[in-house]
Amino acid sequence: WKPSDLSVKTYSENTDYPIKTPSGRIVSPPSGYCWRLSKDRLEEYIKDNRIWFGKKGNNVPRIKRFLSEVQDGSVSKTIWYRDEVGDNQEAKKEVKVINSNDVFTTPKPERLIERILTLATKPGDLVLDSFLGSGTTAAVAHKMGRRWIGIELGQHCHTHCIPRLKQVIDGTDEGGITKAVKWTGGGGFRYYYLAPSLLIKDAWGNLVINSAYNQEMLAEAVCKNQNFKYAPDETIYWKHGYSTENDYIFVTTQTLEIKQVRSLSEDVGKESHLIVMCKAFLCNDDEFANITLKKIPDELMFMCEWSKDDYSLQIKNLPGNPNPVDVQDDLFGEDM
């Protein structure tokens, strides 16, 4: 147990009274304060050995607080001083090593992030920074053995984050908390670009498939939105993905007619079922027990955001972009 203050600032006449200590000393609460216990309640605490008058029984009374009554963990202090967690000047020096031409106005020092992650996480936990900036949180999480996800919509991914994290991984980053946590390098990360909108509006306000998506990208995106595993078959063209052993999906930008659907039905056979996601169809699927026809925009307009970047998609190969950075030794980072 530890002694805790018996007085409180919220004044009440009912709890403003003198207390006689075991040594015979008479004590009163500080001016403007009162005791937190009534006289009767105080007597109960004294009989239960819950009040501490000091070793000689002469001190101002204090309540015993037992470990079993306290929450697990520690409460962070209100003020963290610069000699403990650093300041902006220290943070600027850390960022300047990565990019001396573009130093953030108010970067965060690594020691500050280390304090926060020490209080809030354990090794192996997942840390998310949805405004990654100069990459401080990812760098510190990596050095502390946490997994991490970072999101940045600006150019900082290229000018700051990737160069910084590469130095963390290869062990050439000697700044920040490196020496304090004895970091020598290791781990890795994967970097992905954000996919463009899957659906956009045409000149007449109709939802249409974004022309930025090629056939392969479209198939993968639709499979994800329809909860199918994207697994294109090397020989069977209509097997783009599956949800069960005999339930498949086929994605096409064509407008299907009855003879095309009939041909698909024959290929699928009686033992399997195929969902066909297409641009449009000029027939119905009533006569085919193994075929279900769906129009892509109608099915997706309520399942993903449109007319803006779609955060729900994970597309591996985006139009006009190079291959994702894939740095993997012992993978700490998560796919973004």
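Everything numeric here is computed off the predicted structure, so don't read it as measured data.
The ring of Tyr191 has its center closer than 6.0 angstrom to the ring center of His158. Side-chain rings of Phe250 and Tyr237 approach one another, their centers coming within less than 6.0 Å.
In this structure the side chain of Lys92 never reaches within 4.5 angstrom of the side chain of Lys96, judged on heavy atoms. A 4.5 Å side-chain heavy-atom check between Ile151 and Asp129 finds every atom pair outside the cut-off. Contact check for Trp183 versus Ile177: no side-chain heavy atoms found under the 4.5 Å cut-off. Contact of the Glu110 side chain with the Thr136 side chain is registered, since non-hydrogen atoms from C-beta on lie closer than 4.5 Å. At least one side-chain heavy atom of Val8 sits less than 4.5 Å from a side-chain heavy atom of Cys34. Side chains of Ile249 and Met277 form a contact here, defined as non-hydrogen atoms less than 4.5 Å apart.
Going from atom NZ of Lys229 over to atom NZ of Lys224 covers 11.0 Å, rounded to the nearest 0.5 Å. Taking CG of Leu117 as the reference point, atom CD1 of Ile113 lies at 6.5 Å (rounded to 0.5 Å). Of the inter-residue distances, the one linking Thr172 atom OG1 with Ile169 atom CD1 reads 10.0 Å to the nearest 0.5 angstrom. The distance from the CG atom of Leu256 to the CD1 atom of Ile291 is 9.5 Å, given to the nearest 0.5 Å.
Side chain of Arg146 to backbone of Asp125: no donor-acceptor contact under 3.5 angstrom is found. In terms of modelled atom types and a separation under 3.5 Å, the side chain of Asn88 and the main chain of Pro107 share a donor-acceptor contact. Side-chain N or O atoms of Arg36 include none that pairs as donor or acceptor with a backbone N or O of Thr15 at under 3.5 Å. Formation of a donor-acceptor pair under 3.5 Å by the Ser265 side chain with backbone atoms of Val261 is not found in this model. In this structure a side-chain-to-backbone donor-acceptor pair under 3.5 Å is present from Ser23 to Gly57. Counting only distance, with no hydrogens or angles, the side chain of Ser272 and the backbone of Gly269 share no donor-acceptor pair below 3.5 Å. A donor-acceptor pair is defined here as one N or O able to donate and one able to accept, closer than 3.5 Å; no such pair exists between the side chain of Glu114 and the backbone of Pro109. Looking only at distances, a side-chain donor or acceptor of Glu152 sits under 3.5 Å from a matching main-chain atom of Gly154. No donor-acceptor distance shorter than 3.5 angstrom exists from the side chain of His240 to the backbone of Tyr248, with no hydrogens or angles considered. With hydrogens and angles ignored, the 3.5 Å screen pairs no side-chain donor or acceptor of Asn58 with any backbone N or O of Gly54.
In Arg25, the CZ atom is crowded: over 12 heavy atoms of neighbouring residues, nucleotides or ligands sit closer than 6.0 Å. Around OH of Tyr230, the count of heavy atoms belonging to other residues, nucleotides or ligands within 6.0 Å exceeds 12.
Taking hydrophobic clusters as Ile, Leu, Val, Met, Phe, Trp and Tyr residues chained together by side-chain heavy-atom distances below 4.5 Å, Leu293 does not share a cluster with Ile209. Linking ILVMFWY residues whenever their side-chain heavy atoms come closer than 4.5 Å, directly or via other members, leaves Leu264 and Ile275 in distinct clusters. Grouping the Ile, Leu, Val, Met, Phe, Trp and Tyr side chains by contacts below 4.5 angstrom, directly or via other members, places Trp238 with Phe288.
Listed by chain and residue number, nothing satisfies the ring-ring contact (aromatic ring centres under 6.0 Å, His included) test with Tyr33 (two or more places apart in sequence, or in another chain). Every residue was checked against the ring-ring contact (aromatic ring centres under 6.0 Å, His included) condition with His273, not counting sequence neighbours, and none meets it.
The residue from Lys166, Lys143, Gln167, Arg164 that alone fulfils the side chain to side chain donor-acceptor pair (under 3.5 Å) condition with Asp173 is Lys143.
As a member of the Ile/Leu/Val/Met/Phe/Trp/Tyr network built from side-chain separations under 4.5 Å, Trp1 groups with Trp52, Phe66. Leu6 belongs to a hydrophobic cluster whose remaining members, ordered by chain and number, are Tyr17, Ile19, Val27, Trp35, Leu37, Leu42, Tyr45, Ile46, Ile51, Phe53, Val60, Ile63; membership requires side-chain heavy atoms of ILVMFWY residues under 4.5 Å apart, directly or through intermediates.
Sorted by first and then second residue, the salt bridge (Lys or Arg N to Asp or Glu O under 4.0 Å) pairs involving residues 257-286 (not counting sequence neighbours) are Arg262-Glu287. For residues 4-19, the set of pairs meeting the salt bridge (Lys or Arg N to Asp or Glu O under 4.0 Å) definition, not counting sequence neighbours, is empty.
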| query | Given the rule in the side-chain hydrogen bond (donor to acceptor under 3.5 Å, both in side chains) test, do Thr235 and Asp233 qualify, once you have shown the distances and angles that lead to the verdict? | reply | CA-CA 6 Å; Thr235 57; Asp233 191 283; 2.9 Å; yes

task = Show your working on side chain to side chain contact (heavy atoms under 4.5 Å, CB included) between Gln254 and Gln260 and close with a plain yes or no.
result = CA-CA 10 Å; Gln254 293 182 1; Gln260 294 168 304; 3.5 Å; yes

query = Are Lys294 and Val276 close enough, and set up right, to give a side chain to side chain contact (heavy atoms under 4.5 Å, CB included), and what steps lead you there?
reply = CA-CA 6 Å; Lys294 294 185 178 181; Val276 181; over 6 Å; no

(Q) Please evaluate residues Leu274 and Asp247 with respect to the criterion side chain to side chain contact (heavy atoms under 4.5 Å, CB included), reporting the C-alpha separation (whole Å), side-chain torsions for both, the decisive distance (0.1 Å), and the verdict. (A) CA-CA 6 Å; Leu274 180 67; Asp247 194 25; over 6 Å; no

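Using a 4.0 Å cut-off between charged side-chain N and carboxylate O, Glu84 and Arg115 make a salt bridge. Checked for salt-bridge contact, Lys93 and Glu90 miss the test: no charged N lies under 4.0 Å from a carboxylate O.
Asn210 and Ser197 are not linked by any side-chain donor-acceptor pair at a separation below 3.5 angstrom, with hydrogens and angles left out of the test.
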